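All values reported here derive from a predicted model rather than from experimental measurement. Position 1 is the first residue of the sequence; numbering continues from there.
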Amino acid sequence: MKIFFSRKNASIIAGLVTLSLLGACGNSEDTASEETTTAWDEIQEKGSLTVATSGTLFPTSYREEGSDELTGFEVEVAREIGERLELEVEFTELGFDEMLTSVQTGQVDIAANDIEITEDRQDNFLFSTPFKYSYGTAIVRSDDLSGIETLEDLKGKKAAGASTSVYMETAREYGAEEVVYDNATNETYLRDVAIGRTDVILNDYYLQTLAIAAFPELDITIHPNLKYSPSEVGVVMNEDNTELAENVDRVIEEMLEDGTIAEISAEFFNGADVTEKVEIEE
């Protein structure tokens, strides 16, 4: 059988083929466009950066007495990051454990709350360039140092803190009994040590010294001999948000170079520059 095509039929077929090809290209481009939208694109589109912080950790994230304004070392660092990225910063106040979960699930973009950079956390999160260096100390009762001379003496002692902090990991490692609070204030932690409800608080040197200075009436002190675990702190991001991390690192490095973070540090740490690396004998 012979099949004859008129010019009219040929034109119709050609048009259908062209439409089909254009449709295919259009779908491909739309799909590609959707697939290449990143978390950073979405942040820029909404014009804001969502930052998780506790609001209760002096002097990192807190409110001055009688004020509703959130401030603190990392709160102000986060605000400066937002300003340099031309983004509004929206703070969400959460407990420590909830912060990391919220970063992981994408409910917030960043967590900023004196979160130490560790190998385990780097397996699950992206950290910024570090901008705070310190080491671990212990708050104990002044009269008897809570019966603690070395880290080995933590065995059987009641250690207060957040369950997933590196300091609580140290306490568990040495056999301490874990006492966990739900986003409690510094005063609650400190007073419980003073009255014997707990025995020790392991935490960052700078945070501990300032916390004690804020409550001179309490019978507590920094242990004179316990110095351990040099630490680095940065803000935390979801492990898939590489473009966000690149932009955050870019402005943090600018802030370190021009001295902005050192100035913020001096304001909140009694003149100390926490951007300088520290060395201790272990």
Side-chain angles (χ1 to χ4, degrees), residues 51-65 70-78 93-97 99-100 111-118 121 127 130-142 146 151 159-171 176 179-194 198-216 218 220-224 226-236 261-262 264-278 280:
V51 179
T53 193
S54 69
T56 60
L57 183 62
F58 178 83
T60 289
S61 172
Y62 70 104
R63 286 179 173 80
E64 295 280 5
E65 187 174 350
L70 188 67
T71 189
F73 173 63
E74 286 194 49
V75 168
E76 300 308 329
V77 168
E93 293 176 47
L94 301 170
F96 182 83
D97 298 341
M99 283 180 217
L100 297 182
N113 203 70
D114 201 59
I115 302 173
E116 184 177 335
I117 302 169
T118 66
R121 288 177 183 159
F127 278 86
F131 52 81
K132 176 176 177 282
Y133 299 89
S134 189
Y135 57 89
T137 55
I139 286 179
V140 291
R141 285 182 288 280
S142 300
S146 297
L151 290 174
S163 64
T164 58
S165 74
V166 294
Y167 299 104
M168 189 58 81
E169 289 173 11
T170 298
V179 180
V180 177
Y181 297 75
D182 184 18
N183 209 27
T185 64
N186 279 349
E187 183 176 3
T188 300
Y189 279 98
L190 299 171
R191 194 170 296 280
D192 280 358
V193 173
T198 58
D199 299 303
V200 62
I201 302 169
L202 302 185
N203 212 321
D204 167 82
Y205 166 75
Y206 291 109
L207 298 184
Q208 302 266 62
T209 53
L210 289 173
I212 281 186
F215 300 96
L218 297 179
I220 52 177
T221 188
I222 297 286
H223 198 291
L226 294 185
K227 298 179 182 179
Y228 56 92
S229 301
S231 62
E232 299 180 356
V233 165
V235 297
V236 185
I261 298 182
I264 297 173
S265 169
E267 179 182 352
F268 290 99
F269 291 102
N270 287 340
D273 183 1
V274 300
T275 69
E276 295 182 353
K277 292 186 178 182
V278 297
I280 64 171

Is there a donor-acceptor pair under 3.5 Å between the side chain of [X] and the backbone N or O of [Y]?
X: Tyr228; Y: Thr137; answer: yes
X: Ser265; Y: Ala272; answer: yes
X: Ser61; Y: Asn113; answer: no

Minimum side-chain heavy-atom gap [X]-[Y] below 4.5 Å:
X: Lys132; Y: Thr60; answer: no
X: Leu202; Y: Met168; answer: no
X: Val274; Y: Phe268; answer: no
X: Phe127; Y: Ile115; answer: yes
X: Val233; Y: Ser134; answer: no
X: Glu74; Y: Thr53; answer: no

Atom OH of Tyr135 with >12 non-hydrogen neighbours under 6.0 angstrom |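 Enclosed.
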Sequence-distant partners of [X], ring-ring contact (aromatic ring centres under 6.0 Å, His included), two or more places apart:
X: Tyr133; answer: none
X: Tyr181; answer: Tyr189
X: Tyr206; answer: Phe269

Can you name the residues that form a side-chain contact (heavy atoms from CB on, under 4.5 Å) with Glu116, not counting sequence neighbours?
->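 With neighbours one apart ignored, the set is Thr118, Arg121, Val166, Tyr167, Ser231.
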Partner set under side-chain contact (heavy atoms from CB on, under 4.5 Å) for Thr221, not counting sequence neighbours |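 Only Val140, Ser142, Leu145 meet the side-chain contact (heavy atoms from CB on, under 4.5 Å) criterion with Thr221.
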For [X] against [Y], the heavy-atom pair lying closest together:
X: Ala112; Y: Val51; result: CB-CG1, 4.0 Å
X: Leu226; Y: Ala138; result: CD1-CB, 3.9 Å
X: Arg141; Y: Ala194; result: CD-O, 3.8 Å
X: Ser54; Y: Met99; result: N-CE, 3.4 Å
X: Gln208; Y: Ile201; result: NE2-O, 2.8 Å

Inter-residue atom distance [X].[atom1] - [Y].[atom2], 0.5 Å rounding:
X: Arg63; Y: Thr71; atom1: CZ; atom2: OG1; answer: 10.5 Å
X: Leu218; Y: Leu190; atom1: CG; atom2: CG; answer: 6.5 Å
X: Leu94; Y: Thr56; atom1: CG; atom2: OG1; answer: 10.5 Å
X: Ile222; Y: Asn203; atom1: CD1; atom2: CG; answer: 9.0 Å
X: Ile139; Y: Thr209; atom1: CD1; atom2: OG1; answer: 8.5 Å
X: Phe58; Y: Leu210; atom1: CZ; atom2: CG; answer: 5.5 Å

Option passing side-chain contact (heavy atoms from CB on, under 4.5 Å) with Phe73 (candidates Leu207, Asp114, Ile261, Leu57) =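 It is Ile261, the one option of Leu207, Asp114, Ile261, Leu57 that forms the side-chain contact (heavy atoms from CB on, under 4.5 Å) with Phe73.
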For Glu169, all residues meeting salt bridge (charged side-chain N to carboxylate O under 4.0 Å, His left out), sequence neighbours excluded |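 Expected list: none.
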